[in-house]
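Heads up: the structure comes next, in structure tokens.
All values below come from the heavy atoms of this structure, side chains included, with hydrogens, waters and symmetry mates left out. Atoms within a ligand are numbered from 1 in the order they appear, just like the ligands themselves. This structure is a prediction, so every number in the text was calculated from the model and none was measured.
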Amino acid sequence: MDRIPEGRGRGAQKPRETATRIVSAGRDPAAQHGFVNTPIYRGSTVLYPTAQDFLARKARYTYGTKGTPTTESLEIAWSELSGAAGTVLVPSGLAAISLALLACLKSGDHLLVSDSVYRPTRNLCDTMLRRFGVETSYYDPLVGADIAQLFKPNTRAVFTEAPGSLSFEMQDIPAIAAVAHARDAIVLMDNTWATPLFFPPHARGVDIAIEAGTKYLSGHSDLLLGMVSANERCWKDLRATFDATAFCAGPEDVFLGLRGLRTMRVRLMHHQQSALAVAKWLAARPEVARVLHPALESDPGHAIWKRDFAGASGLFSIVLKPMPEAAAHAFVNALTLYGIGASWGGFESLAIPFDCAAFRTATKWNPGGPCVRFHIGLEDVGDLTADLERGFAAMRQAVDAAA
Ligand SMILES: Cc1ncc(COP(=O)(O)O)c(C=O)c1O
């Protein structure tokens, strides 16, 4: 045991580079009998040495819902990577969105939400939050500092997501945060696309950041998990809301999250590189009108992305030239390496058709052709583009059949 330095990882001086920090953050082998990883602690009851200790809740861990060494490892690591005062772990990304909003809203408040937000976030606002007396207004994701005009005296929070779900509009988070903070409002962000590795949320003005750990933290499409991190301003309220709801994640999922964390940076770099290669390949195709990917110079959000982000992940969309929807479906159906499914961030590629027109309220979604969202996985890029060729051949056949 004495060959294992005391307190390495936790509390030790932090190494500087992210690649190093992501390996060591939240780990304390000395506290785990020398084993590299914090194991799965399963438990409800925590036993106290005396009645007095029990009444005073005098213990390192007090109850299963409030935290274990396993959950604490991921919370510490995520806070360190996010530059947060604290993090809580919840059972899914949507649970993270729910908890974050519950932590900062009350009846009578007004909430501003980007029109390009993940659709279930809208559902939460339009149903449950409305029922609890919170009014939501949707805003153009490109609004920037002009969001000031949408504030009401009771506007309590601004919900952002960059880039937008499906449609990839880039939001000017620092400009929105400056306006919100001048009015004492809280800024929330769904940072699932970039992760804190590519967008340090709290350093850019976000008070409460949400991550669907289901995506890149997991990396293997085999778990559901959410993280909510907060800066000093909002941490106390976030933690109090977590304790009040006991909205806690399961120990196996947290363990898998910790396991995924150690390789998340390496995977993200690979997703980024392959997605950019496929996006550029698609941009040169005659069937494609536009590629919606903020890391491409042609993208309207590129300047903001370049200023604020350190990278891009594996998710982007395309707008096809005008053609029957059936032809776009034939394209997706003909792909053999791209699964047709919603939850992304795993090692595998995905492709889904989408149309935002039905649910946009502050902006019009009229891209001029059918749209497809891709997640580019860890497969060989040549194989992925060859598969897309197959899809385009099926698309041409469907177009010809419809003519
Ligand atoms: C941007 C974004 N946020 C949140 C979520 C929700 O994550 P979960 O599936 O874990 O609820 C998703 C899921 O697709 C997402 O795409």
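- Geometric assessment of R57 against the ring of F54 yields a positive cation-pi assignment under the 6.0 Å and 45° thresholds.
- Inspection of the T68 and R42 side chains reveals no N or O donor paired with an N or O acceptor under 3.5 Å.
- Here the shortest heavy-atom pairing between V319 and C371 reads CG2-SG, 4.0 Å.
- Both cation-pi conditions hold for R183 and F151: the charged atom is under 6.0 angstrom from the six-membered ring centre and inside a 45 degree cone around its axis.
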Below 3.5 Å only, please: the N or O atoms of ligand 1 paired with protein N or O atoms, distance on each line.
from     : atom 1 : to   : atom 2 : distance (Å)
ligand 1 : 3 (N)  : D190 : OD2    : 2.7
ligand 1 : 9 (O)  : K215 : NZ     : 3.4
ligand 1 : 10 (O) : G93  : N      : 2.7
ligand 1 : 10 (O) : T214 : OG1    : 2.5
ligand 1 : 11 (O) : G93  : N      : 3.2
ligand 1 : 11 (O) : L94  : N      : 2.9
ligand 1 : 14 (O) : K215 : NZ     : 2.8
ligand 1 : 16 (O) : W344 : NE1    : 3.1

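- One distance of note links CG of N191 with CZ of F198; it measures 11.5 Å at 0.5 Å rounding.
- By the 30° and 60° cut-offs, the orientation of the rings of F168 relative to W193 is perpendicular.
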